[in-house]
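Note that ligands are numbered from 1 as they come in the structure, with each ligand's atoms numbered from 1 the same way.
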Amino acid sequence: MKHLIDLTDRSCDQWTKMGSIENPTPIREKNLTTQIAVIGGGMAGICAAVAAARNGVKVILVQDRAVLGGNASSEIRVIVHGVTKLKSGLPERETGILEEILLLNRFYNEQHSFTVWDHVLYDFVTRESNITLMLNTQCIRSITKDSKIESVLCWQLATETLIRINAEQFIDCSGDGLMAATAGALYRTGREGKDEFNEKYAPDAPDGWQMGATILLSSKDMGKSMPYKSPPFTIKFDAEKTHPDRRIIPFVEGFWWVEVGSKNDIIADAEVDMHRLMGFAYGVWDYVKNSGKFPEADTFALDWVGSLPGRRESRRFIGDYILSEPDQINHKIHDDAVAFGGWPLDEHNPGGIENLAQPPSFWHEHFDKVYQIPYKSLYSKNITNLSFAGRNVSQTHVALSSSRVMGTCAVMGQAVGTAASLCIKKGVSPRTIANKHVIELQEQLMRDDAYIPERPAKDPLDLARTANNISASSTLSGDVNLLIDGVSRDELGEIHHWQSKGLDAEVIFEWNNPIAISSVEIKCDTNVKKNIMMLKNTRENQSYTTIIPPELIKSISLELKIDGIWQNYGTQNDNQRRLIKFNFDNKEITAFKIKAHDTYGAENIKLFEVRCYNK
Ligand SMILES: Cc1cc2nc3c(=O)[nH]c(=O)nc-3n(C[C@H](O)[C@H](O)[C@H](O)COP(=O)(O)OP(=O)(O)OC[C@H]3O[C@@H](n4cnc5c(N)ncnc54)[C@H](O)[C@@H]3O)c2cc1C
């Protein structure tokens, strides 16, 4: 076999064309140039591409499937968790770009349909004029010179086209990281030994074990008895031998523990494992239906079964820093923190469904508060223009057991997308951003509604902090001066908000001398202590709501005081965002007034932050 097949060789084509076609040729090649290429359109890749695009650079987002979302897409149907399982039982939602996506989904997908969710993501990405989205396009290799990627080669399935993408910065958000691996970026797979990072949950000696892939399924109540006969490829589920943590109920949502991992080359094994997973998935469903132990399942039938296994672990690329378990459990403070996590240390057992004696996950520890993720874990140690976000970042196997959830991958994505745009603007590498410009990166992220724990914003460009007086029409809780304290959510018993008494509330920022501004940016309440992601089995309870967060501001307007006269500078009547922006031509003002008229149900207005800028 040739080492590299020439994908453009179409010399065997015998094309007889009818009628007239201009310049017909079966050889289809494209050479594209952009500023940033993002490979992989899961939650991390979407957020990376959107962050970079919104920060003013041109992006090509390459996704090998027909839909966006990665494991969260309708093809796999994993729930976007993030910091959703703190010890308190309450979440600490991520905010930023992910928050905008989840809110958008509330507006356009009240029915919680996964296929509609795919297109909410499609809508979200295609709204960005700086993004060129390439679906059905797989990045197959990188072309690298002097430790720098020059371009990547992609194969577009639907058009039989070989596409070369030249870019200044490359971001691998593909999970498996084929692009980064073929660039020669250093990576590891498997489990570190205990001693290397002082990890109490690591094995004594390193080994190759990687958590497995899963095929999910869902079922629905047909309202009548539904007998079931399983197909011949079914692998019997040996329920007698299984650890009780492999819970069957609720069976509606499928079984995340139907998992096949590997201690060898998990990517090479993927196709074989897919067939085994089909057998295992149907085996568990056969047990549900035919063991006689679940009479309540009599009226249930399979509604959807995945064909594409969701992956949990393969390559982890090595950055300037490797995030490890002690960083997470000791809540280490990183000067270069750009993201955060807090999902428990959810390490699955070696063996997956073939190791029935052990619990499917060890759930080593739940966190009482979130931990920081440093930027130095998000770019390559040896390839100078390569970053990554998602499960493939620079971290140990145990650290991955917490950080791999998609909300956390998404905030990493926003961080690297923003950082890559700074690289372009300054003409520098990610490493230089880490060493010289990380404060600027952090400030931009927080301006864009990212949250960095233990790192209040202090953006020198934010003119709201220079106001001589801040007042409010009424105050039920908090303080209007907290709107400039740099923390845009309440934290563990610390209040960082202002809340009005009733609706139609006003906040006024005043200056003794005129200042010029061109934008006012407001962070309102969406109740980050409740989950709002897509579920397969939706429910309303203490930690989850199925509706548009009632706290979200629906209608809001802005007035500017120019030459002593109040003038309206915009009204938004159907707001869908936590970060609300008013942009206008530069104006000399002595005050601005935010008039928050209405919410989606809450009786008061709650704000967390107000900023204003002169460009
Ligand atoms: C069954 C299961 C249950 C899980 N449970 C949860 C859960 O409840 N909540 C949670 O948040 N997380 C869960 N996880 C973990 C989580 O889904 C993954 O860790 C996460 O999806 C990783 O995100 P990512 O963006 O790095 O990769 P992905 O979500 O895999 O996205 C990467 C995308 O890149 C594409 N891609 C790959 N290679 C290329 C290429 N060469 N060119 C172009 N595109 C490419 C892929 O098709 C994919 O769409 C679960 C995982 C599994 C498998």
Side-chain angles (χ1 to χ4, degrees), residues 37-49 60-85 94 98 118 121 134-142 152-157 163 165 171-182 211-217 253-261 267 270 273 277 281 306 308-317 341 343-344 346 348 352-353 360-361 388-393 395 400-413 416 531 533-536:
V38 177
I39 309 304
M43 298 315 291
I46 292 172
C47 292
I60 294 181
L61 174 59
V62 179
Q63 162 69 346
D64 63 0
R65 311 294 307 176
V67 291
L68 291 162
N71 282 3
S73 72
S74 67
E75 290 190 311
I76 303 179
R77 305 194 185 196
V78 172
I79 308 304
V80 179
H81 280 289
V83 182
T84 49
K85 273 191 201 288
E94 282 65 28
L98 179 65
D118 287 341
L121 298 176
M134 300 186 134
L135 295 173
N136 300 305
T137 306
Q138 186 180 42
C139 175
I140 49 179
R141 62 162 294 186
S142 306
V152 290
L153 294 183
C154 302
W155 180 252
Q156 194 168 61
L157 198 70
I163 304 171
I165 301 173
I171 306 177
D172 194 320
C173 297
S174 68
D176 285 344
L178 177 62
M179 182 272 270
T182 57
M211 287 182 286
T214 295
I215 280 184
L216 290 171
L217 57 81
E253 298 179 47
F255 313 98
W256 57 264
W257 42 262
V258 173
E259 175 177 2
V260 173
I267 293 172
D273 287 347
L277 280 168
L308 181 66
R311 299 235 183 122
R312 289 184 177 85
E313 183 173 3
S314 53
R315 298 182 177 101
R316 301 190 305 275
F317 291 92
W343 179 257
D346 167 20
H348 292 194
I353 197 161
S361 171
F388 12 77
R391 64 175 167 84
N392 64 2
V393 305
Q395 58 188 341
L400 164 83
S401 77
S402 162
S403 69
R404 73 175 180 280
V405 284
M406 290 178 280
T408 307
C409 294
V411 292
M412 294 182 208
V416 293
N531 288 308
M533 71 292 222
M534 289 270 306
L535 293 184
K536 283 201 217 74

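When G45, G41, C173, A410 are checked for heavy-atom proximity to atom 32 (C) of ligand 1, C173 turns out nearest. With V393, V80, V78, V62 as candidates, the residue nearest to atom 6 (C) of ligand 1 on a non-hydrogen basis is V78. Considering each of V38, I79, I267, the one bringing a non-hydrogen atom nearest atom 9 (N) of ligand 1 is I79.
Polar contact check, N71 against ligand 1: a nitrogen or oxygen pair lies under 3.5 Å apart. For ligand 1, the polar-atom distance check finds no N/O of G407 at less than 3.5 Å from any of the ligand's N/O atoms. At under 3.5 Å, not a single nitrogen or oxygen of N392, backbone or side chain, sits near a nitrogen or oxygen of ligand 1. Between Q63 and ligand 1, an N or O atom pair is found at a separation short of 3.5 Å. Backbone and side-chain nitrogen or oxygen atoms of M406 are examined, and one is located within less than 3.5 angstrom of a nitrogen or oxygen of ligand 1. In terms of polar-atom proximity, defined here as any N/O pair under 3.5 Å, R404 does make such a contact with ligand 1.
Of all the atoms in ligand 1, the ones that sit under 4.0 Å from a non-hydrogen atom of G70 are 29 (O), 31 (O), 48 (C), 49 (O). Each of the atoms 53 (C) of ligand 1 lies under 4.0 Å from some heavy atom of R311. Within the listing of ligand 1, atoms 47 (O) sit less than 4.0 angstrom from a heavy atom of R65.
The protein non-hydrogen atom at the shortest distance from atom 23 (O) of ligand 1 is C409 SG, 3.7 Å. Given atom 2 (C) of ligand 1, the protein heavy atom at minimum distance is R312 NH2, 3.1 Å. Looking only at protein heavy atoms, the nearest one to atom 26 (O) of ligand 1 is R391 N, 3.0 Å. Here the heavy atom of the protein found nearest to atom 31 (O) of ligand 1 is G42 CA, 3.4 Å.
Remark: R77 does not engage D118 in a salt bridge, criterion side-chain N to carboxylate O under 4.0 Å.
The backbone and the side chain of H81 each have at least one atom closer than 4.0 Å to an atom of ligand 1 (non-hydrogen atoms only). Within the 4.0 Å heavy-atom criterion, both parts of S174, backbone and side chain, lie near ligand 1. Using a 4.0 Å cut-off between heavy atoms, D64 contacts ligand 1 through both its backbone and its side chain. Proximity of T137 to ligand 1, defined as any heavy-atom pair under 4.0 Å, is confined to the backbone N, CA, C and O atoms.
Distance alone, capped at 3.5 Å, is enough to place a donor-acceptor pair between the N71 side chain and the R311 backbone.
Between the side chains of D172 and S174, a donor-acceptor pair is found at a separation under 3.5 Å.
For the ligand labelled ligand 1, residue M179 lies outside the 4.0 Å heavy-atom shell.
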